[in-house]
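Everything on this sheet refers to the single structure shown next.
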Amino acid sequence: MLDSTQLERETTRTFNRLLPRIEQGAPDLISADPKGWHEFRARLERHFPTLFNLYLQLYGGHYDFYFHLEDLIKSLVQAWAARPANLRELDHARELNPLWFQSNQMLGGVCYVDLFAEDLEGVRAKIPYFKELGLTYLHLMPLFKAPEKENDGGYAVSSYRETEPKLGTMDQLSSLACDLRAAGISLVVDLVFNHTSDEHEWAKRAKAGDADYQDFYRIFPDRIMPDAYERTLREIFPDEHSGAFTYRTEINEWVWTTFHSYQWDLNYDNPAVFNRMAEEMLFLANQGVEVLRLDAVAFIWKKLGTSCENLPEAHTLIQAFNAVARIAAPALLFKSEAIVHPDDVVKYISLQECQLSYNPLLMALLCNTLATRQVNLLSQALATRFKINSGTAWVNYVRVHDDIGWTFSDEDSALLGINGNDHRHFLNEFYRGRFPGSFARGLPFQENPKTGDCRISGTCASLAGLEKALSEEGPNEVELAIRRIHLIHGIILTVGGIPLIYLGDEIGTLNDYGYRDNPAHENDSRWAHRPRADWERYAHRNNPSAIEGCVYQGLRKLIGLRKNHPVFATGNLEIIETGNEHVLGYLRLQENNRVAVFGNFSDVEQIVPAKVLQQYHLIDKKQLNGFSKISSHGDLILQPLDFVVLG
Ligand code: GLC
Ligand code: GLC
């Protein structure tokens, strides 16, 4: 290990050795654009110490470290040279306004290209709809070339540079990115960098016996190492294959496959893998992608004798990718997908690592609170786990394409007298509709027969009770279900961070059981909440007497509320002790602005006592949302499942 003075000296020395070699290697690029080169060079110089330090930590033990470092810097130069002028302008704009995403105007949406709009041209045709809804961020689910039959909804990537042919071409993607940007919408796509599909060129070469490419993956001749690793691993997709390895007959070897057997985990111990993935990443950035959702971040580094999740090197690795982006595509942001313990989720969030992060805890606890009608866990989480570095932001959501795992912390729940395991069991039973009185129509996902554990699939509307209410109950329950949908969306829209809508939820889309007839999907219940968009139903979105209209209009109103009040952008959140176990309360504060939010999670009327309103200086506030009334004693009376905003 070098001490900091030595490190500084070696950094400077390495940079001074490298730069002339790099410049000599790219005379044409430099002379074609001396001003651009000057800017690039300045960024390289500024961020080199960070990149060098991280790369040294990861790969300093390799005898050919310097070779790989030089190779990486050369790739950065190539990526810079290929970066279109409009994106270089964006780089400048973002460097001047790095907190652009911390605005109450921000609103995210996510959809599958084919399911939402057939293909990329179809997505382009939906831009007016995105604007109507108010989106400023659009995550298109994996749209890259993938194996024909099973491909985990595109999360098995066969080429990062080619789109799935039926969706369109890479050129169409980059021109879509331009059109979206012109409409004020940033394009987000996945970087599925933990694994490739077994049909990726790298995997094909590995299968053909090319030793260089075998080193791209984690391949073992027998069970000795797999057994040794598995002693400390968790099973991620236990009903697909047990353990983390798959035996491949064509090579007679065991391949590390954390997820499906056709998703081969990459070997980031190998610096060549880092370098090649950095190229793929910058290629996507140069297509106009503004945010990369880093898929499955928790799993990217492996070490014998550990859980191989959330290892310190995983952070070093992402930080190194971040440094790469700062040099060659500074507008690019990362969003981490770490669906793990909340202590681990936050470790991925920082300016140097992922500026954005899914907030799986909030998602899980919104569902939890709907089921229990008790706000204790949610309120505790907002009080203790919500605050993150002021330069970063949560992406808050109620549903996405994945299952719901109950990722709250057992230590937190124990403080409230709740046993984590028992409670998860209850939640699974509740959301599968097996608990007496449950309103939910969810499905188990990856049920583990050994532990009895599972996670939950289902659309927001079906989980919130709309499916059951429509098929077996009546208008009263329908109304309650719609209020649940609005209540949890109201929270993600006002709590701070970037709200993300899983498109389809805004019109109350129900589970689609058709996946059971599709051999490529029948074993994956997540397809129940990945239905094809029904544009006939969307046509009813402005009809107040249609279900779609009720859900959509209510949501539009909440979006309007967010967009009209800058207090919902950044600023602080302070929990209100509401004196009522069913009512969540928080203040949003920004300079002299002070807005209070109350959510009644109970199916019956609830009261927040007058003294609470006094204590938080809310007496003279206007009701910006909701149907609450003030009683003759000055108490706030909330309607069942009402979402009340006072400001
Ligand atoms: C992420 C995706 C999920 C996928 C997994 C493997 O968790 O969200 O859909 O199955 O990664 O890529
Ligand atoms: C992700 C998560 C896991 C999630 C799964 C996708 O990587 O870690 O909790 O359920 O993959 O389904």
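Counting starts at 1 for both ligands and their atoms, following the listed order. Worth saying up front: this structure is predicted, and the values here are computed from it rather than measured.
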With atoms numbered from 1 as shown, which atoms in ligand 1 lie under 4.0 angstrom from a non-hydrogen atom of [X]?
| X | result |
| --- | --- |
| D295 | 1 (C), 2 (C), 6 (C), 7 (O), 8 (O), 11 (O), 12 (O) |
| H401 | 2 (C), 3 (C), 8 (O), 9 (O) |
| H195 | 6 (C), 12 (O) |
| R293 | 2 (C), 8 (O) |

[X] [atom1] to [Y] [atom2] distance, which is reported to the nearest 0.5 Å:
| X | Y | atom1 | atom2 | value |
| --- | --- | --- | --- | --- |
| R234 | E309 | CZ | CD | 4.0 Å |
| L427 | I456 | CG | CD1 | 8.5 Å |
| L500 | M106 | CG | CE | 10.0 Å |

- Could you see which bit of F193 sits under 4.0 Å from ligand 1, with heavy atoms only: side chain, backbone, both or neither? neither

- Give me the ring orientation class for Y552 and Y129: parallel if the planes are under 30° apart, tilted from 30 to 60°, perpendicular past 60°.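 The rings of Y552 and Y129 lie parallel, inter-plane angle below 30°.
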
- Query: With under 30° as parallel and over 60° as perpendicular, where do the rings of Y55 and F274 fit, or are they tilted in between?
  - Reply: perpendicular

- Message: Below the 3.5 angstrom mark, is there an N/O of H260, backbone or side chain, next to an N/O of ligand 1?
- Response: no

- Say whether R526 and ligand 1 are in contact under the criterion: heavy-atom distance to a ligand atom below 4.0 Å. yes

- Task: Using non-hydrogen atoms of the residue, decide whether M141 is closer than 4.0 angstrom to ligand 1.
- Result: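 False for this residue.
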
- Item | Residues that E447 engages under salt bridge (charged side-chain N to carboxylate O under 4.0 Å, His left out), provided they are two or more places apart |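 Salt bridge (charged side-chain N to carboxylate O under 4.0 Å, His left out) check on E447 returns R432.
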
